[in-house]
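A quick note: this is a predicted structure, and the numbers were derived from the prediction, not measured. Along the sequence shown, residues carry numbers from 1.
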Amino acid sequence: MRYGDRHEKIKSDIRLLVLTVILICVFVLLVSRLYNLQMLSENDYSAQSERNRTRLLTISAVRGNIYDADMNELATSEPVFTVSLLAVPAKDREAVAEALAKYLEDDEITASDIYDTLMANARQYESVLIKRLPYNEESIRRVAILEEHKAEIPGLLIGTESMRVYPYDALFGHSLGYVGLITQTELDSNLTGDYQSSDWVGKSGLEKSYETFYIGEEQVGLRGQSGVQQVIINSKNYPVASEVLAEPKQGNSLVITMDMEVQKVMEQSLEAVIKELQKEYPECHSGAAVLLDVNTSAVIASASYPFVDPNDFANGLSKANYSYYMTNEDRPLLNRAISGLYAPGSTFKPVTALAELYMNVASPNETVNCTEEAWVKPRAKCTREHGEVDLYKALAVSCNTYFQEMGSRAGIEAIYKIGSELGLGQYTGIDLPGEGKGVLPSPAYKNSIFDENEWDYNWQEYDTFYTSMGQGYSIYTVMQLANAVATIANGGNHMQPYI
């Protein structure tokens, strides 16, 4: 063999050896990796695979019922279909939204609405509620259509849950309150209990006050305790099987002090009075009324106008109702019985009468002459000349002159003391959210709202005059005033109103 040929053969043998070594190394690496995957990391990857194909979903509990004092059912629940989406990949969301909107056939829900809901979901591992449908023939037809086209809607979940129903519509509306889909803000606020993005929670009234709380270590409330369901999904994100791991526990029911028949009469009367007043005062669009048991301060009836129908919120506020509740200048959602703050006017005069008796500045039979001459500034004019009036007549005819005189004699400190003991300018503690506090005027209060360099910084004589007849800076809730009257009526026992 010539030298050149031998040299080429050696080079060829070296290349073959190097290639063989590389192939052996690659093979060893592959075998090692396969051994690591199948033997050493089997448990880890099996668990990951299991997580990829299963989802743990909550099963909402049925809310507890609410009954009036005679056990009339004021709030209950009925079953509905739920249409939800589970773990839709970002790249598929637009197509899924288009398909679901197409087959859902709901004018209130567009593809854009569905897409926005998916994008807003911060908890991608949870299902997202799109729509609830009542149990009827039309809903069954729509559910059947969705099931037929579920191949076009990866992640579609059709289930059932309970929906809040208020059999008497707007009756008791403000006191009962309403429920709504939980917001991200509410989720982030760490509410008591394990809440999910598809949960419905109390938003106002008793529904909110008694949503969930603890008695000792026991969690109770209208909400109940959610169950757990395991759902198995395939590679196309379709649910193929499910198993209930923990059954939900229905919420506690609530019995309230209010009386349906009295509530009906109160709401009808309040609406009639306001509509009658509108004939003379067109700007009169709202009002409130409260009736308490003077011996216990239990609320027998409480009404606020304009009324609220909680059913309007039970399945999400429709576009048709949005303007009434959210943009109406009359603010129907405001419970004026506990949140509205009003000048008390003559309803305050019994407070001045008590201050008069407490300070012993006049006997009940002592008279004040209500005439034109009594209207000297800074006193406010009386509604008319009443002549000689004592305490009893002054209360009967609501004489401004008499109470300005007695308020001046008793002094603002005495008026403030009596008003405070009756609970005015304070939270009553009523078991409803959103209660207003109001203002019981005093020199300290006036100092707090004016700069000390302003001319009106100090308490003036006319401030006492106006306060003594329920004007000036005085503002209170209807509930406060009703409870103050109840305290006087029962002999001085001031109690906390409750429902």
Side-chain angles (χ1 to χ4, degrees), residues 290 292 294 297 338-364 366 368 374 377-380 382 389-392 394-395 398-430 435-452 454-497:
V290 170
L292 302 180
V294 299
S297 281
I338 65 164
S339 303
L341 296 172
Y342 304 99
S346 294
T347 60
F348 186 84
K349 288 173 180 175
V351 179
T352 304
L354 288 173
E356 168 195 344
L357 298 174
Y358 172 72
M359 294 300 291
N360 197 27
V361 294
S363 71
E366 183 177 335
V368 171
K377 292 183 179 181
R379 296 189 182 188
C382 195
V389 292
D390 61 9
L391 174 59
Y392 306 107
L395 286 168
S398 190
C399 179
N400 290 345
T401 301
Y402 180 90
F403 287 104
Q404 287 179 88
E405 174 63 25
M406 293 306 165
S408 179
R409 292 187 192 182
I412 187 58
E413 290 79 10
I415 295 174
Y416 183 83
K417 172 182 171 59
I418 298 299
S420 296
E421 292 179 356
L422 293 172
L424 297 176
Q426 306 164 34
Y427 296 113
T428 67
I430 183 74
E435 182 183 14
K437 185 178 181 181
V439 174
L440 175 62
S442 67
Y445 170 76
K446 192 174 183 184
N447 292 160
S448 72
I449 62 173
F450 287 99
D451 187 273
E452 60 181 343
E454 294 183 76
W455 70 271
D456 211 20
Y457 175 74
N458 292 314
W459 190 265
Q460 306 292 335
E461 186 180 18
Y462 61 78
D463 290 319
T464 301
F465 289 148
Y466 279 104
T467 301
S468 66
M469 57 182 190
Q471 298 182 26
Y473 301 106
S474 302
I475 50 171
Y476 311 113
T477 67
V478 178
M479 185 65 69
Q480 280 181 17
L481 290 166
N483 202 38
V485 172
T487 303
I488 296 171
N490 69 33
N493 297 308
H494 182 253
M495 292 170 284
Q496 176 178 312

**Asked** Within the side chain of Glu435, is there an N or O that forms a donor-acceptor pair under 3.5 Å with the backbone of Gly429?
**Response** yes

**Fill in**
Only residue of Val368, Leu391, Asp390, Val389 satisfying side-chain contact (heavy atoms from CB on, under 4.5 Å) with Cys399 is Val389

**Request:** Keeping the roles fixed (side chain from Ser474, backbone from Gly470), state whether a donor-acceptor pair exists under 3.5 Å.
**Result:** no

**Request:** Taking all non-hydrogen atoms of both residues into account, name the closest pair between Phe403 and Ala394 and its distance.
**Result:** CE1-O, 3.6 Å

**Asked** Can you tell me if OH on Tyr462 sees more than 12 non-hydrogen neighbours from other groups inside 6.0 Å?
**Response** yes

**Message:** Under the side-chain contact (heavy atoms from CB on, under 4.5 Å) test against Thr487, which residue among Asn493, Leu292, Leu422, Val294 passes?
**Reply:** Leu422

**Nearest-0.5 Å distance, OG1 of residue Thr428 to NE2 of residue His494** = 8.0 Å

**Message:** Taking the basic N atoms (NZ, or NE/NH1/NH2) and the acidic carboxylate oxygens, is any pair closer than 4.0 Å for Glu413 and Lys417?
**Reply:** no

**Prompt:** Below 4.5 Å, heavy atoms only, C-beta onward: do Ser408 and Glu461 meet side chain to side chain?
**Reply:** yes

**Prompt:** Nearest heavy-atom pair of Ala374 and Thr401: which atoms, and what distance?
**Reply:** CB-CG2, 3.5 Å

**Distance-only side-chain donor-acceptor flag, Thr464 / Trp459, under 3.5 Å** = yes

**Request:** Ignoring hydrogens and angles, tell me if any N or O in the side chain of Gln480 forms a donor-acceptor pair with the backbone of Gly425 under 3.5 Å.
**Result:** yes

**Main-chain N/O of Gln496 paired with Asn483 side-chain donor or acceptor, under 3.5 Å** = no

**Request:** Using side-chain hydrogen bond (donor to acceptor under 3.5 Å, both in side chains) as the criterion, point out the one residue from Glu405, Arg379, Lys349 that pairs with Asn400.
**Result:** Lys349

**Asked** Where the side chain of Ser468 meets the backbone of Phe465, is there a donor-acceptor pair that is under 3.5 Å apart?
**Response** yes

**Prompt:** Are Glu356 and Tyr402 close enough, and set up right, to give a side-chain hydrogen bond (donor to acceptor under 3.5 Å, both in side chains), and what steps lead you there?
**Reply:** CA-CA 11 Å; Glu356 168 195 344; Tyr402 180 90; 2.8 Å; yes

**Message:** With a sphere of 6.0 Å drawn around OH of Tyr342, does it hold more than 12 non-hydrogen atoms of other residues, nucleotides or ligands?
**Reply:** yes

**Asked** Ignoring hydrogens and geometry, is there a side-chain-to-backbone donor-acceptor pair from Asp463 to Gln460 under 3.5 Å?
**Response** yes

